[in-house]
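What you are looking at is a predicted structure, and each value in this text was computed from that prediction instead of being measured.
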2 protein chains.
Amino acid sequence: MGYVHNVPVPLDSHTWSIAELAAEYDVTLRTIRFYEDRGLLTPERRGTVRVYHPRDRVRLGLILRGKRLGFSLDEIATIVDMYDAEPGEEGQLVYLLDQITTRRAELEQRRQDIDETLEELAEVERRCEADLNTLRTR
Amino acid sequence: MGYVHNVPVPLDSHTWSIAELAAEYDVTLRTIRFYEDRGLLTPERRGTVRVYHPRDRVRLGLILRGKRLGFSLDEIATIVDMYDAEPGEEGQLVYLLDQITTRRAELEQRRQDIDETLEELAEVERRCEADLNTLRTR
DNA sequence: CTCGTGATTGACGCTTACGTAAACGTAAAG
DNA sequence: CTTTACGTTTACGTAAGCGTCAATCACGAG
């Protein structure tokens, strides 16, 4: 080791092994390979081994966030692909804008769902604490 | 028909058939029966037919909201059951409060995910519109 | 009685998102 | 050379969440 210190690495040149990414995001190798099968990741190959670049790493993050939001992998694919779409022709751009409108509507619906649920949880919580008090002051 | 007007129906006495609920929430009969199989709904039976009370209707709404949020049916079950839990003993109440804390954390994580995604969508949108402009003013 | 309408219970099928071996390759370390 | 670590492909298994028949029943209208 050594000499890691102060060595000016060309911006964004770092790469990762599949195991490193898996550890970082706490998923299995199987999961990562599965995402590749579904076209969500396209790591470089050095021989047969997969080499992940910053772009892949970012995409994995986006995929997992999409999962937390309850989107299917297909939906996630369309969302993530929007992020690094080429400028392209007008039809493409209009389509993209339309997709954005759709996804935004979904997300806002979800946020409303979340807010309502949080409200109701707070109510249950108040009930609970009230019940606890009557139990203890008896 | 007729006489529906101004007839004081005993509060919450209305019931629904499975088809009515399915139509209202835009799900299939199969789905509703499946939720019953999983213990999420427990409609009354008149003979063999299911009769749904306001409580069941509310629960169905909660279940579907849970689904939109990406929770599994198992998770939804624990959440929904919290809503009409009996006061119960102290251990129960403490457990409930703990559950609430857990769920709240998840929901807040999700809301943050949503906000980040909305942010990024807005960015993509700006890029798109800029690209459209350069296309048209050329 | 018969028909149509709406309900019921199985039971098998399908997709998604992975888990879980099995069998093999490669390269550095002991 | 053998072990160890890390990677690969192929392939079958599985749980969740329904879809989709098929066969049957009940009931009111004609």
Write down the distance between CG (B/L21) and C1' (C/dG6), rounded to a whole number of angstrom. 15 Å
Has A/T137 got a side-chain atom pairing as donor or acceptor with A/N133's backbone, closer than 3.5 angstrom? yes
Which heavy atom in A/G88 sits nearest to a heavy atom in A/L93, and how many Å separate them? O-CD1, 4.4 Å
Both conditions, 6.0 Å and 45 degrees, for the charged tip of A/R59 above the ring of A/Y83: are they met here? no
Does A/D84 have more than 12 heavy atoms from other residues, nucleotides or ligands lying within 6.0 Å of its CG? yes
Qualifying residue, where the test is side-chain hydrogen bond (donor to acceptor under 3.5 Å, both in side chains) with B/D113 and the options are A/K67, A/R68, A/R65, A/R110: A/R68
Grab the two heavy atoms, one from A/L121 and one from B/R104, that are nearest each other, plus how far apart they are. CD1-N, 4.2 Å
Starting from P on C/dG6, measure out to CD1 on B/I18 and report it in whole angstrom. 14 Å
Round to a whole Å and report the spacing from CD1 of B/I32 to C1' of C/dT8. 14 Å
Send over the distance from A/I76 CD1 to C/dA17 C1', rounded to a whole Å. 11 Å
Write down the distance between CZ (B/R33) and P (C/dA11), rounded to a whole number of angstrom. 16 Å
For A/R45, which contact category applies under a 4.0 Å heavy-atom criterion: base, sugar-phosphate, or nothing? sugar-phosphate
Side-chain ion pair, A/E36 and A/R33, N-O less than 4.0 Å: no
Between atom CG in A/D26 and atom P in C/dC18, what is the gap in whole Å? 13 Å
Are any protein N/O atoms closer than 3.5 Å to N/O atoms in nucleotides 16-23 of chain D? If there are, list each pair with its distance.
unit_1	atom_1	unit_2	atom_2	d
D/dG17	OP1	B/L73	N	3.0
D/dC18	OP2	B/Y35	OH	2.7
D/dC18	OP2	B/K67	NZ	2.9
D/dC18	N4	B/R30	NH2	3.3
D/dG19	OP2	B/T28	OG1	2.5
D/dG19	OP2	B/T31	OG1	3.4
D/dG19	N7	B/R30	NE	3.2
D/dG19	O6	B/R30	NE	3.4
D/dG19	O6	B/R30	NH2	3.1
D/dT20	O4	B/R30	NE	3.1

Touch check for A/R50, heavy atoms < 4.0 angstrom, all strands: base, sugar-phosphate only, or nothing? sugar-phosphate
Using the C1' atoms of five pairs at each end, what's the angle between the two axes of the helix from C/dC1-D/dG30 to C/dG30-D/dC1, to 10 degrees? 20°
Would a single hydrophobic cluster contain both A/Y25 and A/I18, if residues Ile, Leu, Val, Met, Phe, Trp and Tyr are joined by side-chain heavy-atom contacts under 4.5 Å? yes
Working note: B/D56 + B/V51, criterion side chain to side chain contact (heavy atoms under 4.5 Å, CB included); need CA distance, chi angles, decisive distance, verdict. CA-CA 9 Å; B/D56 303 307; B/V51 174; over 6 Å; no
Side-chain N or O of B/S17 closer than 4.0 Å to phosphate OP1/OP2 of C/dA7: yes
